[in-house]
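Worksheet for the structure shown next.
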Protein chains: 2
Amino acid sequence: MAATIKDIAKLAGVSPGTVSRVLANKVGFFSEHTGEKVRAAAAELGYQKNTAAAELVTQQSNVVAAIVNSTKTNFASPIIEGIQAEAHRHDLNVIILYAGDDDSEQQRRALTTVIERPVRSILLLSVDLAAENLTLLQNSRIPFCFLSISFDEIQVPYITSDDWQVGYQATQTLLKLGHQNIGLAGVDSDFHTGRQRVAGYRQAMQEAGITVQPEWIQLGNYSYTAGQAAMRAYGANSGLTAIIGASDMAAVGVLNTARSLGYRVPTDLSILAIDGTEICELVQPALSSISQNFYEMGVAGVQQLCAPGELPQKITPIKLVERDSLQRNG
Amino acid sequence: MAATIKDIAKLAGVSPGTVSRVLANKVGFFSEHTGEKVRAAAAELGYQKNTAAAELVTQQSNVVAAIVNSTKTNFASPIIEGIQAEAHRHDLNVIILYAGDDDSEQQRRALTTVIERPVRSILLLSVDLAAENLTLLQNSRIPFCFLSISFDEIQVPYITSDDWQVGYQATQTLLKLGHQNIGLAGVDSDFHTGRQRVAGYRQAMQEAGITVQPEWIQLGNYSYTAGQAAMRAYGANSGLTAIIGASDMAAVGVLNTARSLGYRVPTDLSILAIDGTEICELVQPALSSISQNFYEMGVAGVQQLCAPGELPQKITPIKLVERDSLQRNG
DNA sequence: CTGAAAGCGCTTACAG
DNA sequence: CTGAAAGCGCTTACAG
């Protein structure tokens, strides 16, 4: 049995209340002498506080939970790093839970694990909650915020990039290089994020006076496999001179498949990735990207939940990072 | 304020004890009629159990904590998937904590976050604990097990691959292809894992009657950067015909740098990675690897902690996976 | 400065 | 089958 506050009290010859006060360092509430006795006793017993018990009485907690989609893309790490760093500044601890891959049962398990204990707030990293799970979350009355995902139908707090701009700027980048026949590969139009990217793409193309051929937009779930499938659909004689990968992983799928189809990248085909995680620098040629600021999303998420009353929907900046996968057309 | 068991009791016109019994579904301890009343009341109030309170009285918990090194390598995901799957089978919930990058202060924070609440057991994924933190962990009396890391000096439970065999088999694979001048890149000899891999490498080389040149072994921390640095140290005229990357990331670093130095892979230089995570399939040529069974490590980790009395040190199997980065020499 | 007491939300012998 | 009571480990007004 681990030592409790009572054991310390007995050993130090004081009351449990006093032990609690010195261990919580309530200055002015105990004498120097008592403080020393208690601390010595605690050390001797190897005392470890039972924080769960303390949280029960104070009705508050300093842990924030991050629920992540065990996604086929890979931007969770920088978001989590941002969360950790900012949480540290606020003296908060963070625990991470996996919610599976759009598996509503796994989502529910992660959610209840977290709701059934005192957590201060919940961050959801690009997890698209099933309706009943969203209800569960909202009923819990625990403050929450979605990260790296956006919504239109439902009114919930989220922080992410401006996905319309992501699509628009990606397309503009390629247009400025003289490309006209531009593909968009692996994007998921079932959700708001993907629809926005497609809309930005279409707008840029329209402004350039280019008619988008239906087959130029290849839907998918942002995965490597989706990128491969898209490129296979485009084929060896696609007529495309540039392709936007809907995510880094999709872009790598496009890259590898394009190669096997005989394309030289970027000589025959330019590829622009969306996300800008480290994977862009691992492949050759290194992929240029419209990079999101994932770290900042994590930071902003924690800040938002620490400063209630802020506006519930926030945009983090994006930027073009040029590497080696783009080339002027003509 | 969230609804409690007392609120339900009042609404259903029974005692809190009874509510507890029906919600815990202690069959035989309540009548059908009472059961229905209570469940209806709970539903009406949107009751969410306070599991922390329950854990306080029962003195047990069903959450297992996984502490992960936010490492520059990338095998944590499959281990965590294994943990999740097996935990699910035992009806356990898992929370994940980041312990930073060999940062003893961050380790301590993650550890205390977990020790200060009721967790059933702790899994540590390739985190090399600072001495004082190991003491902290051991004093907590919470069952724990290290994963994907091994030790010689200290006696603790761990589950990992046989690192000596990893080094030995990697080297053998290359020797069988006729290579003699074989480099080992990015390995960390400060720890047992790395020392074992080096020892296996040396043994295989010795059995083949080859004298290992000191510069063939390039130390590092298994990162992409370490791989780059190693390859730069080998240089354009290394005389090596094959290189073992101490990790996937190190191997990719070797690959990209070798290319920029003018090597064709695998024509001029064969590369064999250690780990076998998905990154091997993302680069071109796809990297052959000595693959570890990370998923199985996760599974075995929770099994081990669910079945005390098992032997505390376990080995998971490795295997050669051939992809496109190896070629016969001569 | 310190102790006694109440209470956080739950569970579980103990009676009946 | 059900209630009253004690208790898990802690915190915090309230007295003194």
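Because the structure is a prediction, the values reported are computed rather than measured. So that the names make sense, note that chain A is the first sequence line, chain B the second, and so on, each numbered from 1.
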For residues 13-29 of chain A, which side-chain donor-acceptor pairs fall under 3.5 Å, sequence neighbours excluded?
{"unit_1": "A:Ser15", "atom_1": "OG", "unit_2": "A:Thr18", "atom_2": "N", "d": "3.3"}
{"unit_1": "A:Ser15", "atom_1": "OG", "unit_2": "A:Thr18", "atom_2": "OG1", "d": "3.2"}

For this session: Not counting sequence neighbours, which residues clear side chain to side chain contact (heavy atoms under 4.5 Å, CB included) with B:Glu296? List them please.
Result: B:Asn293, B:Val299, B:Ala300, B:Lys314, B:Thr316

For this session: Residues of residues 18-45 of chain A with any non-hydrogen atom less than 4.0 angstrom from an atom of DNA chain D: list those, numerically ordered, please.
Result: A:Ser20, A:Arg21, A:Lys26

For this session: Quick one: closest heavy-atom pair of B:Ile79 and B:Leu125, and the distance?
Result: CG2-CD1, 3.5 Å

Problem set entry | Between D:dG7 (P) and A:Ile5 (CD1): distance, integer Å | 18 Å

Show the atom names and distances, to 0.1 Å, of all donor-acceptor pairs under 3.5 Å that link a side chain in residues 38-56 of chain B to residues at least two apart or in another chain.
{"unit_1": "B:Asn50", "atom_1": "OD1", "unit_2": "B:Ala52", "atom_2": "N", "d": "3.1"}
{"unit_1": "B:Asn50", "atom_1": "OD1", "unit_2": "B:Ala53", "atom_2": "N", "d": "3.1"}
{"unit_1": "B:Thr51", "atom_1": "OG1", "unit_2": "A:Glu116", "atom_2": "OE1", "d": "2.6"}
{"unit_1": "B:Glu55", "atom_1": "OE1", "unit_2": "A:Arg117", "atom_2": "NH1", "d": "3.1"}
{"unit_1": "B:Glu55", "atom_1": "OE2", "unit_2": "A:Arg117", "atom_2": "NH1", "d": "2.8"}
{"unit_1": "B:Glu55", "atom_1": "OE2", "unit_2": "B:Ser61", "atom_2": "OG", "d": "3.4"}

Problem set entry | Rounded distance (Å) that lies between atom C1' of D:dC10 and atom CD of A:Gln48 | 15 Å

Exercise. Which salt bridge (Lys or Arg N to Asp or Glu O under 4.0 Å) pairs, counting each pair once, include a residue from residues 126-140 of chain A, with sequence neighbours left out?
Worked result: none

Exercise. Rounded to the nearest Å, what distance is computed from the CG atom of residue A:Asn50 to the C1' atom of nucleotide D:dT11?
Worked result: 13 Å

For this session: Could you state the atom-to-atom distance from CD of A:Gln59 to C1' of C:dG9 in whole Å?
Result: 8 Å

For this session: Consider the side chain of B:Val57, meaning its heavy atoms from C-beta on, and name the nucleotide among D:dG7, C:dG7, D:dG3 that approaches it most closely.
Result: D:dG7

Problem set entry | Pairs meeting criterion salt bridge (Lys or Arg N to Asp or Glu O under 4.0 Å) with involvement of residues 137-153 of chain A, two or more places apart | A:Asp152-A:Arg195, A:Glu153-A:Arg195

Problem set entry | B:Tyr47 OH to C:dG9 P, straight-line distance once rounded to whole Å | 10 Å

For this session: Select one nucleotide: of D:dG9, D:dG3, C:dC10, the one nearest the side-chain heavy atoms of A:Thr4.
Result: D:dG9

For this session: Taking only heavy atoms on the protein side, list every residue of residues 111-120 of chain A lying under 4.0 Å from any atom of DNA chain D, sorted numerically.
Result: none

Problem set entry | Interatomic distance where CG belongs to B:Asp7 and P belongs to C:dG9 [whole Å] | 8 Å

Exercise. Which value, rounded to the nearest 0.5 Å, describes the distance between B:Phe294 atom CZ and B:Glu81 atom CD?
Worked result: 12.5 Å

Exercise. Looking at residues at least two apart in the chain, or sitting in another chain, which of them share a side chain to side chain contact (heavy atoms under 4.5 Å, CB included) with A:Ser77?
Worked result: none

For this session: Would you please name every residue forming a side chain to side chain contact (heavy atoms under 4.5 Å, CB included) with B:Glu36, sequence neighbours left out?
Result: B:Glu32

For this session: Tell me, please, which residues at least two apart from B:Asp103 pass side chain to side chain contact (heavy atoms under 4.5 Å, CB included).
Result: B:Glu105, B:Gln106

For this session: Please identify each residue that fulfils ring-ring contact (aromatic ring centres under 6.0 Å, His included) with A:Phe191, with sequence neighbours left out.
Result: none

For this session: Can you tell me the distance, in whole Å, between the NZ atom of A:Lys10 and the C1' atom of D:dG9?
Result: 14 Å

Exercise. Given atom CG of A:Leu56 and atom P of C:dC10, what is their separation to the nearest angstrom?
Worked result: 9 Å

Problem set entry | C:dG7 phosphate, OP1 or OP2, under 4.0 Å from B:Lys6 side-chain N/O | no

Exercise. So what is the 5' to 3' dot-bracket string for DNA chain D, if pairs are Watson-Crick or G-U wobble with both distances under 3.5 Å, crossing pairs use [ ] and | means the partner sits on another strand?
Worked result: |||.||||||||.|||

